[in-house]
Amino acid sequence: MPRDLHPRLLRGFVATAETLHFGRAAGRLHVAQQALSRDVRALEGLLGDALFTRTTRSVELTPAGHRLLPRARQLLALHDEILAGAAARPLLLDLNSDVTGPDLTADRVLERARAAWPEGELLARFHGGLAAAAVELLAHRLDVSFGRFAGLAAPVRGQLAQRPIRLERVSVMMADTHPLAGRAVLRLADLAGHPVDVCAGNPATTEWADLGTRLLREHGLSPAAPYVPPVGVDETARYLARHGDPMLTTVGGPSIPGAVNVPLVEPVPLSLVSLVHRPGERHPGLAALIAAAAELGAGEGWLRRPAGSWLPAADTALLPG
């Protein structure tokens, strides 16, 4: 039967060998002395040799301990070198779109993380939606994405990890010539008779189309026919002018020439944005992104749900208690 040697056991051994004192070694490693003693015993059991001679007054290395010490140091140095090399690689994250806006969640998190971690490299990619990004995450061609996690298929969700970071307000974008374009806000009931584009023609954003379909169905509204999605500011402007349907989007999104972005109310529809990554990912860039999202969220109430809002049950279940 194969035997695995965890680096933690070797670290405990080396610290104890260098201090010849279990208490001081435990302090160096920031662990309880009992835990360190347990790890040393586990290592001795794994190797079949006593590594220390213990008395009430002293701790000394045995011959087996003396033989192991230089090799343990070499192995730990190699282990740390491998981890340092992995951490030095750029972290690839998906911003969904290369079009910027005044308050796009992913853009703001990236900006804050870059400022807090200037020595690292965070590289943005643009896959167009979480459904497309999830494929890249699972193939290890991408490290982090943002979007509506509850809208992914269950088998995909089961292979990914997520952290809710923001409840975004949903709005509609439309050409400024649309009959509803002059309103400061739109009640959902105002959209009756105006089919809403939920981007159902875009296979990269099926999680968003699912949110829009649920919203419209629950409030007796109609979806627009699925169209081939536009890419970029200019194409989106042409798309809105050509098709004429209000497009479901979020407040704080990109500014499109000849278009307006109008918040929805009564109720206020919400979309839960999560930071999504593979389980077990330990890249320091991911830690920087998580910290940045937490700081922005705490300062601006990103996960504070407004009164009179609408959010699917599947998304609500992901919110922290």
Side-chain angles (χ1 to χ4, degrees), residues 94-97 101-109 129-131 133-134 144-154 156-158 160-173 183-192 194-200 202 204-224 246-254 261-277 290 293-294 296-321:
D94 176 37
L95 297 185
N96 301 137
S97 171
D103 192 25
L104 291 175
T105 301
D107 294 57
R108 293 193 59 200
V109 170
L130 184 56
V144 176
S145 187
F146 298 84
R148 182 177 172 253
F149 187 76
L152 297 177
V156 176
R157 294 198 307 271
L160 295 171
Q162 65 88 33
R163 291 172 180 265
I165 59 174
R166 191 175 191 182
L167 288 166
E168 293 186 331
R169 289 190 61 178
V170 175
S171 58
V172 286
M173 183 184 298
R183 313 280 185 91
V185 296
L186 281 172
R187 297 176 303 144
L188 279 173
D190 294 333
L191 293 171
H194 299 278
V196 178
D197 186 347
V198 297
C199 303
N202 189 353
T205 59
T206 54
E207 77 288 347
W208 179 254
D210 175 75
L211 178 77
T213 301
R214 290 172 183 269
L215 175 66
L216 299 181
R217 183 173 59 236
E218 290 187 24
H219 295 88
L221 302 173
S222 302
M247 178 191 291
L248 205 68
T249 183
T250 56
V251 174
N261 189 326
V262 185
L264 295 174
V265 296
E266 296 185 21
V268 174
L270 301 174
S271 171
L272 177 61
V273 177
S274 290
L275 189 155
V276 184
H277 56 92
I290 291 171
L296 287 166
E300 301 180 20
W302 276 7
L303 288 175
R304 188 182 306 126
R305 185 170 178 177
S309 60
W310 174 91
L311 186 70
D315 299 74
T316 302
L318 297 176
L319 289 172

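Everything numeric in this text was worked out from a predicted model, so none of it was measured.
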Asks: Could you give the distance from CZ (R148) to CD (Q162), rounded to the nearest 0.5 Å?
Replies: 12.0 Å
Asks: Determine whether a donor-acceptor pair (N or O, by modelled atom type, separation under 3.5 Å) exists between the side chain of D94 and the backbone of F146.
Replies: no
Asks: Return the minimal non-hydrogen interatomic distance between I165 and A293, and the atom names on each side.
Replies: CG2-CB, 3.7 Å
Asks: Give the intermediate values and the outcome of side-chain contact (heavy atoms from CB on, under 4.5 Å) for residues T316 and L272.
Replies: CA-CA 8 Å; T316 302; L272 177 61; over 6 Å; no
Asks: Tell me, do P306 and L270 make a side-chain contact under 4.5 Å, heavy atoms counted?
Replies: yes
Asks: Would you give the length of the straight line joining atom CG of L264 to atom CG of L191, rounded to the nearest 0.5 angstrom?
Replies: 6.0 Å
Asks: Working to the nearest 0.5 angstrom, can you tell me the gap between S274 OG and R157 CZ?
Replies: 11.0 Å
Asks: Is there a side-chain contact (heavy atoms from CB on, under 4.5 Å) between D103 and R166 once you walk through the steps?
Replies: CA-CA 12 Å; D103 192 25; R166 191 175 191 182; 2.6 Å; yes
Asks: For side-chain contact (heavy atoms from CB on, under 4.5 Å), just list the numbers for V196 and L215, CA-CA rounded to whole Å, side-chain angles, deciding distance to a tenth of an Å, and then say yes or no.
Replies: CA-CA 11 Å; V196 178; L215 175 66; over 6 Å; no
Asks: Does a side-chain heavy-atom distance below 4.5 Å link R169 with V265?
Replies: yes
Asks: Can you find a heavy atom in the side chain of L248 that is under 4.5 Å from one in the side chain of C199?
Replies: no
Asks: Within the structure provided, determine whether P267 and H219 are in side-chain contact (heavy-atom separation under 4.5 Å).
Replies: yes
Asks: If every non-hydrogen atom of S171 is compared with every non-hydrogen atom of N261, which pair is closest and at what distance?
Replies: OG-OD1, 2.5 Å
Asks: I'd like to check the salt bridge (charged side-chain N to carboxylate O under 4.0 Å, His left out) partners of R214; sequence neighbours left out, ordered by chain and number.
Replies: D210
Asks: Please check: side-chain N/O of E207 versus main-chain N/O of A131, any donor-acceptor pairing under 3.5 Å?
Replies: yes
Asks: Checking side-chain contact (heavy atoms from CB on, under 4.5 Å) for the pair L160/F149: CA distance, chi angles, key distance, verdict?
Replies: CA-CA 9 Å; L160 295 171; F149 187 76; 4.0 Å; yes
Asks: When rounded to the nearest 0.5 angstrom, what distance separates OG in S145 from CG in L275?
Replies: 8.5 Å
Asks: For a quick test of reading the model, state the closest non-hydrogen atom pair linking V262 to R183 and the distance between them.
Replies: CG1-O, 3.6 Å
Asks: Indicate yes or no: at least one non-hydrogen side-chain atom of W302 is less than 4.5 angstrom from one of V109.
Replies: yes
Asks: Could you give the distance from OG1 (T206) to CG (L211), rounded to the nearest 0.5 Å?
Replies: 12.0 Å
Asks: Can you tell me how far CG of D315 sits from CG of L167, rounded to the nearest 0.5 angstrom?
Replies: 9.0 Å
Asks: Check P195 against P246 and note the closest heavy-atom contact, atom names and distance.
Replies: O-CD, 3.3 Å
